[in-house]
Amino acid sequence: MATETDFEVVSAILSAEPISVDQAIMAVESETAGAVVSFSGVVRNHDGGKPVDRLSYSAHPTAHQIMADVVAQLVAEHSGEASRPVRIWAAHRIGMLEVGEPALVCAVAAAHRGQAFAVCAELVDRIKAQVPIWKEQFFSDGTVEWVGAGE
């Protein structure tokens with residue numbers, strides 16, 4: 001069981017509104033954290049050698065709960081490893097996004113950088129692998145491609 005000096009999930013959401021690294025960092029910072037590690041997966045202007053204009057992210061109706069469950073499972077597996085609070089913030093956008101907009105943002109604050117880096121990397125990997133979110137890419141040539149659907 002988590003203690004007051006263990007892990008805290010500040011946020012684990014899907015959002016139709018813009019998200020940002022600054023928002024995530026401000027949410028997890030604390031006086032006990034010597035390290036704040038963040039990740040921002042942004043919409044890029046290319047994929048597979050083709051120019052991308054924009055993306056649309058769709059989520060399964062259970063994705064909100066699965067997002068919370070994925071983060072809770074990570075916390076449960078690491079509970080008891082921290083001597084000081086480890087704070088976690090994670091959000092994935094849904095809806096239409098333009099090039100340069102953050103699609104997935106995570107931040108982890110911990111007493112030491114090693115733990116913050118490790119937890120943040122694991123968090124990103126689990127969200128990408130387990131939360132049922134699909135990406136529709138709109139290419140400059142007018143073609144469209146779905147990523148993640150049917151996997």
Side-chain angles (χ1 to χ4, degrees), residues 1-48 52 54-137 145-151:
M1 170 144 23
T3 66
E4 65 184 72
T5 60
D6 211 5
F7 285 72
E8 176 188 355
V9 178
V10 177
S11 181
I13 62 165
L14 302 185
S15 176
E17 300 300 319
I19 56 178
S20 74
V21 169
D22 289 343
Q23 175 186 18
I25 290 171
M26 286 189 304
V28 298
E29 286 179 319
S30 75
E31 291 179 354
T32 62
V36 177
V37 171
S38 63
F39 170 83
S40 180
V42 299
V43 177
R44 63 182 179 265
N45 68 356
H46 64 92
D47 190 41
V52 172
R54 66 192 182 287
L55 303 177
S56 180
Y57 284 95
S58 301
H60 188 275
T62 62
H64 293 274
Q65 185 60 52
I66 293 170
M67 176 76 151
D69 293 347
V70 164
V71 177
Q73 182 64 38
L74 182 142
V75 167
E77 290 173 16
H78 291 282
S79 187
E81 295 177 0
S83 61
R84 296 281 185 248
V86 175
R87 296 168 50 89
I88 296 172
W89 191 100
H92 200 299
R93 280 288 305 276
I94 53 174
M96 193 66 69
L97 282 79
E98 299 297 324
V99 170
E101 286 190 84
L104 172 59
V105 173
C106 297
V108 175
H112 302 285
R113 71 180 180 273
Q115 185 172 39
F117 274 116
V119 171
C120 192
E122 186 173 349
L123 177 63
V124 170
D125 289 345
R126 287 186 186 204
I127 290 168
K128 299 276 292 170
Q130 298 176 32
V131 180
I133 297 172
W134 304 281
K135 175 172 64 175
E136 187 177 12
Q137 297 189 113
E145 174 185 59
W146 281 91
V147 178
E151 292 180 3

Give every donor-acceptor pair under 3.5 Å between a side-chain atom in residues 55-63 and any protein atom, sequence neighbours left out.
from: His60; atom 1: ND1; to: Thr62; atom 2: N; distance (Å): 3.0
from: His60; atom 1: ND1; to: Thr62; atom 2: OG1; distance (Å): 2.8

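- Side chain of Gln73 to main chain of Val70: no donor-acceptor pair is present (N/O by atom type, distance under 3.5 Å, no hydrogens or angles).
- Heavy atoms only, all atoms of each residue included: Ala116 and Val37 are closest at CB-CG2, 3.5 Å.
- Of all non-hydrogen atoms in Pro102 and Leu97, the two that sit nearest each other are O-CD2, 3.4 Å.
- Summarising the geometry, atom OG belonging to Ser11 is positioned 11.0 Å from atom CD1 belonging to Ile88; distances are rounded to the nearest 0.5 Å.
- Taken from CD in Gln115 to SG in Cys120, the straight-line distance is 12.0 Å, to the nearest 0.5 Å.
- Donor-acceptor pairing under 3.5 Å is recorded for the side chains of His78 and Glu81.
- Proximity of a side-chain donor or acceptor of His112 to a complementary backbone N or O of Ala35 within less than 3.5 Å is not detected.
- Under the rule for a salt bridge (charged side-chain N to carboxylate O under 4.0 Å, His left out), the partners of Arg126 that lie at least two apart in sequence or sit in another chain are Glu77, Glu122.
- Among residue pairs with one or both ends in residues 105-117, none qualify as salt bridge (Lys or Arg N to Asp or Glu O under 4.0 Å); sequence neighbours excluded.
- Atom CD1 of Ile133 is separated from atom NE2 of His92 by 4.0 Å, given to the nearest 0.5 angstrom.
- Looking at residues two or more places apart in sequence or on another chain, you find a side chain to side chain contact (heavy atoms under 4.5 Å, CB included) between Val99 and Val43, Asn45.
- A donor-acceptor contact under 3.5 angstrom links the side chains of Asp69 and Gln65, judged on distance only.
- The two residues Val71 and Ala12 come nearest to each other via the heavy atoms CG2-CB, 3.7 Å.
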Problem set entry | side chain to side chain contact (heavy atoms under 4.5 Å, CB included) between Val36 and Val28, intermediate numbers included | CA-CA 8 Å; Val36 177; Val28 298; 3.9 Å; yes
Exercise. Please walk me through it: do Gln23 and Val105 pass side chain to side chain contact (heavy atoms under 4.5 Å, CB included)?
Worked result: CA-CA 9 Å; Gln23 175 186 18; Val105 173; over 6 Å; no
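- Taking each heavy atom of Cys106 and Val124 in turn, the nearest pair found is SG-CG2, 3.8 Å.
- Atom CD in Glu98 sits 7.5 Å away from atom CE in Met96 (nearest 0.5 Å).
- Counting only heavy atoms from C-beta outward, the side chains of His64 and Ile13 never approach each other to under 4.5 Å.
- Using a cutoff of 4.0 Å between basic side-chain nitrogens and carboxylate oxygens, Glu8 and Arg87 are scored as salt-bridged.
- The two residues Leu104 and Lys128 come nearest to each other via the heavy atoms CD2-CD, 3.8 Å.
- Listed by chain and residue number, Arg93 satisfy the salt bridge (charged side-chain N to carboxylate O under 4.0 Å, His left out) test with Glu101 (two or more places apart in sequence, or in another chain).
- Glu29 CD to Trp89 CH2: the interatomic distance, rounded to the nearest 0.5 Å, is 13.0 Å.
- Between Val86 and Ala110, the closest heavy-atom pair is CG2-CB, 4.1 Å.
- For Asp47, the salt bridge (charged side-chain N to carboxylate O under 4.0 Å, His left out) partners are Arg44, not counting sequence neighbours.
- Between Phe39 atom CZ and Leu123 atom CG the span is 10.0 Å, to the nearest 0.5 Å.
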